[in-house]
Amino acid sequence: MSPANPHETALLEDLNAPQREAVLHGDGPLLVLSGAGSGKTRVITRRVAYLVKVHDVYPWRILAVTFTNKAAREMRERLTQLLGAQANELVVSTFHSAAAQILRREAEHVGLTRSFVIYDDSDQLNVVKRAMREAGIESMQPREILHRIDQEKNAARLPEHMQVAPGDERGQLVRKVYAAYQERLRAANAVDFGDLLLLLVTLFRTRPDVLENYRRRFTHVLVDEFQDTNPVQYALLKQLAPPPSANLVVVGDDDQSIYRWRGADVDNILGFPRQYPGAKVVKLEQNYRSDQNILDAAHEVIRKNTRRMEKKLWSERPRGQTLDLLLNRDERAEAQEVARQILALQREGFIKLSSMAVFYRANAQSRVLEEALRLARVPYTLVSGRSFYDRAEVRDASAYLRLMVNPRSDADLLRIINIPARGIGDTTVERLTDFANARGVSLYEALSQPEQVPALNGAAVKRLKGFRNLLESLTAFAQTNEEAAGAVDQMLRETKLVETLLAEGSDEAQTRAENLREFLGAAQEFDLNRAAAAVAAAANPPPEVPPEVDAAPLTADVPALQAFLEQISLVGEADAEVGDGRVALMTLHAAKGLEFDAVFLTGMEENVFPHARAVKSETTFLSEDASADGEPSEEMAEERRLCYVGFTRARKRLFVSLAQCRSLFGELRYNAPSRFLRDVPSPLFGISEQELPEAPRPRVPSMPRRRPHDEDDGPRIDRSYSQASSDMDGVGGDVRGMRVRHEQFGVGRVVSADGNGPNAKVTVEFGGGVGLKRIIARFLMPG
DNA sequence: GATAGGGATCTTTTT
DNA sequence: GATCCCTATC
């Protein structure tokens, strides 16, 4: 190795042998199998820097993609440290962002305009519902259909490519709705998340000339967290960096694949050497992160999975402290205990708040934790990504903005047609929609001649005209104004959204109004960042570019408002600054790729983690003790990997926490300790076998908790649910004939019951001429 | 057509 | 426990 380049030494010096090998790898495909904490991100960023500084690869030739925004942001930060301003020319983003940017440039090839908008989950659901209504389909749940559409998209299949067996009626329905759904999206000049990838793959397939431009440009493609790619993403990669010899570097760990539910296919990483024959394979097996006790525990959990690539993580780190097991009565006690432990750690002085994190399986678990931390005055950051932009009033504001750039977006128009209330009710909307459908035009277009809409009275026509004028004025404004904040400000003014809320006078409306002001603030901040980036770009001399290659930033020429909207759709709110003295709260999924000195993994109970769905998948398809020696279900295997991810985030301290019972859905559940807990040998906790928590406690009968002060001791409608809360179905014989009381319907007798718990559906025969009613159990009192 | 209130339904994880 | 949906009432 010749030290010809002064950068070379600096970029390589603190790397171990395999890391170095990965960074130095020449041309051609490379698979880096990288165990948890083995310096994966470091390898990727060093390699990029090495390509730029030592091999003089233009930064704009490098495409580095990851899965989450957080990971992309972090990678960009690290690259900025290594490359300075040059890092701005790199394309570092998520799959979806990169695809959106390319798709915007090529919009006209796929039947869109450049100002297309991106529909999120709830927009999608609305479109599905409308498509179903139009087609007269009622036999399936919109959610299920949407889910299946998403699956098809993840698998890179358009409606015409769907494989449906002749007798599969539901499949036929899905295909029908899928086709109608796609038509509606195209008509609205909108795409969903899946389209971003699928449309691009389709474009590249049908227009090799377009693809060729990008191939010529991106001579180096790097993918982080490759184990989580789904078929569309992999197809895209293969197009941009075709086998067998492209410069494609994929980095990942099959043990950390946690997005199967989104179509991720572990086989992509397992089979990479077959897809790219001759690919170099480098294994990173030295862990630099976690103390040995933590690694051992993680290994004990993951080793029960069968299909894994051979990897043996080792570490030179000390054994460290044992894991801590926290056992509490319920989720509140658990949260308080976590808060206490955090404060204790902080008091000891070795671990800062900013290097502690609390993980949980599902977002719903965060609330109790937040409460406890707030009460204990522990500063925290909720790493959840989207919450702000998901608020109803903010979504309303976004809908207006999206209409300003793309008035054809029916979903947005329907959302705000009567917000604030302007007297356009359901009937009017329905007539308008029918009219638009009949003519095959967008609602916005239909609004231009409201007098032609059948059956509308004069008042309704007038209101529709007023609404159309508002939208016209806003779209006109958007065309002349170059700033996001300007557009938001104008929109808030003209729509009177804030005014209307303030006029309501309630505290809640007040908060909503403040959120809208904050939304304006977000736009202002966006403009500032954009301006700063423009200044930086201007200060940087433009790279010399061969004329036949397009080296422009992918986002060049995107108007500010559009860029702002895209950021809202794909990125959500920026995470609060890390390292500012706050404990991080997040889901296990959000934790991937991060590390902390101390980690609290909460809710370590069966049905919570592993999640109930995974538990169910196992008992329905396999023998009862499948986890002991049988093949684990794919879902359970993924939970296990998730647990592995959680454990391996911890550097020094790992607190594993569980509660004896917790209320889920407003109903008390007694769950057994998580099987993952029992996979960890007790000495790693520093305790003996007997001290491990036991199976669930005997169940205590409890009332539906509607009336806490009700002292009535009569027979309980949910007696049997509490005895069988998690594994039996049917309240059945236990309650038949039982006298119950309903606030409105009075006293009656139970005829039958369906399900268990406070949410069981109970059929009751009421007196007083009321007759039979189906009621949810929790609305009943023992009578 | 607006509004309020009751009832039903649902929820893993993220782009 | 939030959100959506329906119905009754004004």
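Letters A, B, ... mirror the listed sequences (proteins, then strands); counts begin at 1.
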Asker: CG of A:Asp426 versus P of B:dG1: gap in Å, rounded?
Answerer: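 Rounded to whole Å, this separation is 8 Å.
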Asker: Under 4.0 Å: is that the gap between some side-chain N or O of A:Asn230 and OP1 or OP2 of B:dT15?
Answerer: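 No, because none of the side-chain N or O atoms of A:Asn230 sits under 4.0 Å from OP1 or OP2 of B:dT15.
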Asker: Is the distance from OP1 or OP2 of B:dG1 to the nearest side-chain N or O of A:Thr428 less than 4.0 Å?
Answerer: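 Answer yes for this pair, as a side-chain N or O of A:Thr428 is under 4.0 Å from OP1 or OP2.
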Asker: Rounded to the nearest 0.5 Å, what's the gap from CD on A:Glu225 to CZ on A:Phe95? Could you check?
Answerer: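 Output value for this atom pair is 11.0 Å.
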Asker: B:dT11 P sits how many Å from A:Asn363 CG, rounded?
Answerer: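 These atoms are roughly 14 Å apart.
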Asker: When you compare the ring of A:Trp261 with the six-membered ring of B:dT13's base, are the centres less than 5.5 Å apart and the planes under 30° from each other?
Answerer: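 Aromatic stack with B:dT13 present for A:Trp261.
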Asker: Which nucleotide in the list B:dC10, B:dG1, B:dT11 gets nearest to the side chain of A:Arg463?
Answerer: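 It is B:dG1.
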Asker: Specify the separation, in whole Å, of atom CG of A:Asp150 and atom C1' of B:dT14.
Answerer: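 Roughly 11 Å, once rounded to whole Å.
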Asker: So which one's nearest nucleotide on DNA chain B is more toward 5', A:His611 or A:Asn457?
Answerer: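 Result of the comparison: A:Asn457.
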Asker: Are more than 12 heavy atoms from other residues, nucleotides or ligands located less than 6.0 Å from atom CZ of A:Arg157?
Answerer: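 It does: A:Arg157 CZ has more than 12 such atoms within range.
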Asker: Is A:Arg367 paired with A:Glu370 through a side-chain N to carboxylate O contact shorter than 4.0 Å?
Answerer: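 No salt bridge links A:Glu370 with A:Arg367.
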Asker: If you check every side-chain atom of A:Ala421, which of B:dG1, B:dT13, B:dT3 has the closest atom?
Answerer: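 Shortest atom-to-atom distance from the side chain points to B:dT3.
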Asker: Which nucleotide wins on minimum distance to the side chain of A:Thr587, given the candidates B:dT13, B:dT15, B:dT11?
Answerer: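 That would be B:dT13.
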Asker: Nearest whole angstrom, please: distance from the P of B:dT14 to the CG of A:Leu588.
Answerer: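 Value for this atom pair: 10 Å.
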Asker: Quick one: label A:Ile424 by what it contacts on the DNA or RNA (base, sugar-phosphate, nothing), any heavy atom closer than 4.0 Å.
Answerer: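 A:Ile424: backbone/sugar contact only, no base atoms under 4.0 Å.
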Asker: Salt-bridged, A:Asp224 to A:Lys592, with N to O below 4.0 Å?
Answerer: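 Answer for the salt bridge query: no.
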Asker: Please tell me if A:Arg422 has a side-chain N or O lying less than 4.0 Å from either OP1 or OP2 of B:dG1.
Answerer: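 Indeed not, no polar side-chain atom of A:Arg422 lies that close.
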Asker: From the list B:dG1, C:dC5, B:dT13, which nucleotide is the closest neighbour of the side chain of A:Lys129?
Answerer: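 Comparing B:dG1, C:dC5, B:dT13 against the side chain of A:Lys129, the answer is C:dC5.
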Asker: What nucleic acid atoms does A:Ser97 come within less than 4.0 Å of, heavy atoms only: base, sugar-phosphate, or nothing?
Answerer: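 Counting heavy atoms under 4.0 Å across all strands, no contact is made by A:Ser97.
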Asker: Rounded to whole Å, how long is the line connecting atom CZ of A:Arg391 with atom C1' of C:dA2?
Answerer: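 Taking CZ of A:Arg391 and C1' of C:dA2, I get 14 Å after rounding.
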Asker: How would you label the contact of A:Phe95 with the nucleic acid (heavy atoms, under 4.0 Å): base, sugar-phosphate, or nothing?
Answerer: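 Answer is nothing: A:Phe95 stays at 4.0 Å or more from every strand.
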Asker: Could you say whether A:Asn418 or A:Arg613 is positioned toward the 5' end of DNA chain B, judged by the nucleotide with the nearest heavy atom to each?
Answerer: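 So the residue in question is A:Asn418.
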Asker: Taking OH from A:Tyr360 and P from B:dT14, how many angstroms apart are they, rounded to a whole number?
Answerer: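 It works out to 9 Å between those atoms.
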Asker: For A:Tyr360 and A:Phe609, I'd like to know if the aromatic rings sit close, meaning centre-to-centre distance below 6.0 Å.
Answerer: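 Not under 6.0 Å, so no.
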Asker: Give a yes/no answer on whether the side chain of A:Arg143 brings an N or O atom under 4.0 Å of OP1 or OP2 in B:dT11.
Answerer: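 A:Arg143 to B:dT11 OP1/OP2: side-chain N or O found under 4.0 Å.
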Asker: Could you tell me how far apart A:Glu393 (CD) and C:dA2 (P) are, to the nearest whole angstrom?
Answerer: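 Nearest whole value for this atom pair: 14 Å.
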Asker: Do A:Asn418 side-chain atoms and A:Ile424 backbone N/O form a donor-acceptor pair below 3.5 Å?
Answerer: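 Checking the backbone N and O of A:Ile424 against the side chain of A:Asn418, a donor-acceptor pair under 3.5 Å is found.
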Asker: From C:dA2, B:dT13, B:dT15, pick the nucleotide closest to the side chain of A:Arg367?
Answerer: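 Looking only at heavy atoms from C-beta outward on A:Arg367, the closest nucleotide is C:dA2.
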Asker: Quick one: which of B:dT13, B:dT14, B:dT15 gets closest to the side chain of A:Ala362?
Answerer: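 The listed nucleotide nearest to A:Ala362's side chain is B:dT13.
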Asker: Taking CG from A:Leu196 and C1' from B:dT14, how many angstroms apart are they, rounded to a whole number?
Answerer: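 Whole-Å distance recorded here is 13 Å.
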